[in-house]
Amino acid sequence: MLSAGSAHGAQWETRAAVSTGLVYTDNVCLTEDEKIDKWILTATPSGTVKRTGGRSALDMRFSIGFNTLAESGVNCPNNRQGQAGVSNVSPAPRLRLFSQNRVAGDWLFFDAQAFAGQNLVNAFAPDSGDELNATGNVNTTYGYSLSPYIRKRFGTRYEGLLRYSFDQRLNTTDAVRDSTGERWLFDVGVPADRNKISYGITGDYYEVEFEEFRNRPEVVTSISSYRLRGGYQLSRKLQFYASAGVDRNDFLSTFEDIDDTAWDAGLVWTPNRRVTVQAGTGERFFGTTPKFSIEYRHRRSRLRFNYERELTYTQNLRANSQLPGVGFPNPPVDDPGLSGTPTTLSAQPILNEGYVLFYRLGGKRNAIAIRAARSEQRRAADGRDATFDNASISWNFRFSARTNFRAAVTYAEQDAEQFFLEDEDLVGPVRSSETLGYTLGFDRSFGSRSELIVLYRYRDRESELEFDNFVENRVTLTWRYRFR
């Protein structure tokens with residue numbers, strides 16, 4: 001369904017669809033021995049809502065996945081994962097919402113975001129890449145953020161910004177703690193977007209509170225920085241920036257001194273409208289802070305690469321998606337799958353060094369997509385390291401006006417020191433592993449609204465713990481109907 005209208009200059013666009021499916025898996029418990037096969041029925045309504053123009057903008061994409069696995073009463077033999085998650089997740093909501101609103105004049109604004117998605121309780125335990133398994137290793141995270149702010153110009157050059165944000169993350173699994181966060185951000189000076197020479201003072205304070213859980217107390221931590229900034233626009237294509245100041249933090253850490261001086265410097269280069277390059281480096285209490293990103297846009301291809309070393313929290317990693325839609329180019333929102341970056345359980349900050357690559361090349365009959373991500377994480381509380389790698393290459397071939405063939409290869413690897421997670425009694429020990437997957441299938445459209453999708457998927461996991469190995473074969477038939 002597509003509609004457009006105007007109210008005070010606003011344009012609305014809505015789409016809706018529903019998918020029904022039949023899934024057969026020969027290993028619903030993801031075990032090496034004593035496999036249990038299962039037939040699963042699925043139903044997923046989905047939609048998008050967009051609003052542009054006027055005084056506000058909205059972009060919302062959502063789906064709710066239902067499956068019969070939740071009512072099947074599967075009892076896995078020797079369920080050694082020991083997760084505290086819901087064994088069978090249904091319904092499985094997925095939501096991405098972004099809203100920007102002008103409240104008063106050109107100085108008072110209000111932003112809102114909302115998120116829902118599935119992620120792993122224990123990123124080192126067996127998983128099927130979605131919620132259609134009986135391991136109990138799937139958690140659903142609900143999150144939202146509300147952010148009023150004031151942006152005011154003073155004279156012809158100066159501008160002030162004061163922003164407050166409140167966010168909350170709720171989880172269906174007890175082992176993944178709920179949290180709330182408050183953030184204050186200010187900036188006063190000459191902005192960089194309209195001036196050849198820019199300068200000012202900026203501050204950022206972020207406090208996170210993790211709720212009390214069983215015999216573990218409530219945890220409150222904070223990260224803040226205060227800096228002088230400057231910039232120089234050499235031309236429309238090349239800009240330089242730099243900042244220097246101090247970090248003031250409050251959290252449990254193995255770093256020598258979490259309150260220290262900090263600086264960073266870099267450049268933004270836009271040689272033409274298709275290419276944007278950003279590069280920089282700096283120093284904070286945990287070491288250097290290099291960053292690099294490049295984006296290339298063309299009519300038939302697109303390239304994105306991003307590298308950054310930053311201090312963050314596990315709940316932000318669970319809500320963030322480094323590698324959206326692993327498997328096929330531009331997957332619909334109602335495809336099942338896990339979201340976010342794999343991570344451990346911790347109520348203290350995480351030092352994350354992340355690499356993300358995406359490349360897509362499309363032609364009249366062929367489309368190829370390559371995705372890769374690497375996340376090197378160090379927990380501030382105990383200095384333990386973990387690394388998560390994900391990669392995929394997928395190919396779509398348009399056989400005829402109504403039929404497309406699909407193929408994909410996926411790879412995932414988890415590597416960690418032999419230590420236990422924060423809630424080891426609930427989620428089990430850490431173990432390194434590799435998982436290789438293959439997918440083959442086709443889709444055929446019937447008219448302009450309906451299509452049939454048939455997929456075969458194979459997954460093979462090898463782990464340091466022998467009883468964590470598994471092989472799964474899965475066949476999926478999906479009928480998707482799009483409303484006008």
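Values below: every heavy atom of this structure, side chains too, minus hydrogens, waters and symmetry copies.
Counting heavy atoms of neighbouring residues, nucleotides and ligands inside a 6.0 Å radius, atom CD of Gln100 does not exceed 12 of them. By the neighbour-count criterion of 12 heavy atoms within 6.0 Å, atom CH2 of Trp269 is sparsely surrounded, having that number or fewer from other residues, nucleotides or ligands. Applying the 6.0 Å contact sphere to CZ of Arg300 captures more than 12 heavy atoms from other residues, nucleotides or ligands. The neighbour count for Arg284 CZ, taken as heavy atoms of other residues, nucleotides or ligands under 6.0 Å away, is above 12.
Side chains of Leu95 and Phe115 form no contact here, defined as non-hydrogen atoms less than 4.5 Å apart. Annotation: side chain of Tyr307 is not in contact with side chain of Val356 (no heavy-atom distance under 4.5 Å). In this structure, the side chains of Glu159 and Lys152 stay at 4.5 Å or more apart for every pair of heavy atoms. Taking 4.5 Å as the limit, every side-chain heavy atom of Leu120 sits out of range of all side-chain heavy atoms of Asn122. For the pair Val18/Thr44, no side-chain contact is recorded, criterion being any heavy-atom separation below 4.5 Å from C-beta on. Side-chain contact check for Leu303 versus Leu357: some heavy-atom pair is nearer than 4.5 Å. Here the side chains of Glu211 and Arg216 are not in contact, with every heavy-atom distance at 4.5 Å or above. Annotation: side chain of Leu161 is in contact with side chain of Tyr149 (closest heavy-atom distance under 4.5 Å).
No side-chain donor-acceptor contact under 3.5 Å links Thr221 to the backbone of Asp250. Asp130 contributes a side-chain N or O that, together with a main-chain N or O of Leu132, makes up a donor-acceptor pair within less than 3.5 Å. Here the side chain of Asn171 pairs no donor or acceptor atom with the backbone of Thr173 at under 3.5 angstrom. Remark: the backbone N or O of Gln315 is paired with a side-chain donor or acceptor of Arg169 at under 3.5 angstrom. Between the side chain of Asp174 and the backbone N or O of Arg177 there is no donor-acceptor pair closer than 3.5 Å. At least one donor-acceptor pair under 3.5 Å links the side chain of Thr172 to the backbone N or O of Thr140. Of the possible donor and acceptor atoms, one in the side chain of Arg379 sits under 3.5 Å from a partner among the backbone N and O of Leu345. Judged by distance alone, the side chain of Gln118 and the main-chain N or O of Pro93 form a donor-acceptor pair under 3.5 Å. At distances below 3.5 Å, not a single donor-acceptor pair connects side-chain atoms of Lys237 with backbone N or O atoms of Thr270. With Asn195 contributing its side chain and Ile197 its backbone, the two residues share no donor-acceptor pair below 3.5 Å.
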**Item:** side chain to side chain contact (heavy atoms under 4.5 Å, CB included) between Val49 and Leu58, intermediate numbers included
**Value:** CA-CA 7 Å; Val49 179; Leu58 172 69; 4.1 Å; yes

**Message:** Applying salt bridge (charged side-chain N to carboxylate O under 4.0 Å, His left out) to Asp59 and Arg51, what does each step give before you reach the verdict?
**Reply:** CA-CA 7 Å; Asp59 187 347; Arg51 184 185 192 275; over 6 Å; no

**Request:** Tell me, with the steps shown, if Ser432 and Asp415 meet side chain to side chain donor-acceptor pair (under 3.5 Å).
**Result:** CA-CA 4 Å; Ser432 300; Asp415 188 20; 2.9 Å; yes

**Request:** Given side chain to side chain contact (heavy atoms under 4.5 Å, CB included), test Tyr355 with Asp389 step by step and report yes or no.
**Result:** CA-CA 9 Å; Tyr355 309 74; Asp389 294 312; over 6 Å; no

**Request:** In sequence, state the C-alpha distance, the side-chain angles, and the governing distance for Glu209 and Ser222, and then conclude on side chain to side chain contact (heavy atoms under 4.5 Å, CB included).
**Result:** CA-CA 9 Å; Glu209 176 182 327; Ser222 65; over 6 Å; no

**Prompt:** Going through the checks in order, is the salt bridge (charged side-chain N to carboxylate O under 4.0 Å, His left out) test met by Arg304 and Glu295?
**Reply:** CA-CA 5 Å; Arg304 294 199 312 267; Glu295 183 168 0; 5.3 Å; no

**Message:** Evaluate Arg374 against Glu376 for salt bridge (charged side-chain N to carboxylate O under 4.0 Å, His left out), listing each step before the verdict.
**Reply:** CA-CA 7 Å; Arg374 181 181 179 89; Glu376 300 177 4; 2.8 Å; yes

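Between Asn119 and Gly117, the closest heavy-atom pair is ND2-O, 3.9 Å. Nearest heavy-atom pair across Tyr241 and Gly280 is OH-CA, 4.2 Å. The shortest heavy-atom contact between Gln414 and Ala123 is CG-O, 3.5 Å. The two residues Ile258 and Asn249 make their nearest non-hydrogen contact at O-ND2, 2.6 Å. The nearest pair of heavy atoms linking Thr343 to Leu317 is OG1-CD1, 3.6 Å. Closest heavy-atom contact between Arg371 and Ser394: NH1-OG, 4.2 Å.
For the 3.5 Å distance criterion, the side chains of Ser99 and Asn101 qualify, holding a donor opposite an acceptor. If you check the side chains of Asn133 and Ser128, you find a donor sitting under 3.5 Å from an acceptor. Side-chain contact check for Asn396 and Arg406: no donor-acceptor pair (N or O, by modelled atom type) lies under 3.5 Å. Judged by distance alone, the side chains of Asn139 and Thr141 do bring a donor and an acceptor atom under 3.5 Å apart. A donor-acceptor contact closer than 3.5 angstrom links the side chains of Glu207 and Tyr205. Side-chain atoms of Gln377 and Ser375 include a donor-acceptor pair closer than 3.5 Å. Looking only at atom types and distance, the side chain of Asp247 has no donor-acceptor partner in the side chain of Ser225 under 3.5 Å away.
Atom CG in Asn352 sits 11.5 Å away from atom OG1 in Thr314 (nearest 0.5 Å). Here Thr180 contributes atom OG1 and Phe210 contributes atom CZ; the two are 9.5 Å apart, rounded to the nearest 0.5 Å. Note that the CG atom of Asn272 and the CZ atom of Arg297 stand 8.5 Å from one another [nearest 0.5 Å]. Taking CZ from Arg248 and OG from Ser224, the interatomic distance works out to 8.0 Å, rounded to the nearest 0.5 Å. Atom OG1 of Thr344 and atom CZ of Phe124 lie 6.5 Å apart (nearest 0.5 Å). Separating the OH atom in Tyr144 from the OG atom in Ser147 is a distance of 13.5 Å, to the nearest 0.5 Å.
Between Phe292 and Phe305, the ring-plane angle classifies as tilted under the 30° and 60° cut-offs.
A cation-pi contact links Arg183 to Tyr206, judged by a cut-off of 6.0 Å to the six-membered ring centre and 45° from its axis.
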N/O donor-acceptor pairs under 3.5 Å from side chains in residues 104-114, not counting sequence neighbours:
residue : atom : partner : partner atom : Å
Asp111  : OD2  : Arg163  : NH1          : 3.4

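Remark: aromatic rings of Phe186 and Tyr164 are distant, center separation not under 6.0 Å.
Under the rule for a side chain to side chain contact (heavy atoms under 4.5 Å, CB included), the partners of Thr288 that lie at least two apart in sequence or sit in another chain are Glu283, Pro290, Arg309.
For the side chain to side chain contact (heavy atoms under 4.5 Å, CB included) test with Arg229, the passing option among Val190, Asp187, Ile201 is Asp187; the others fail.
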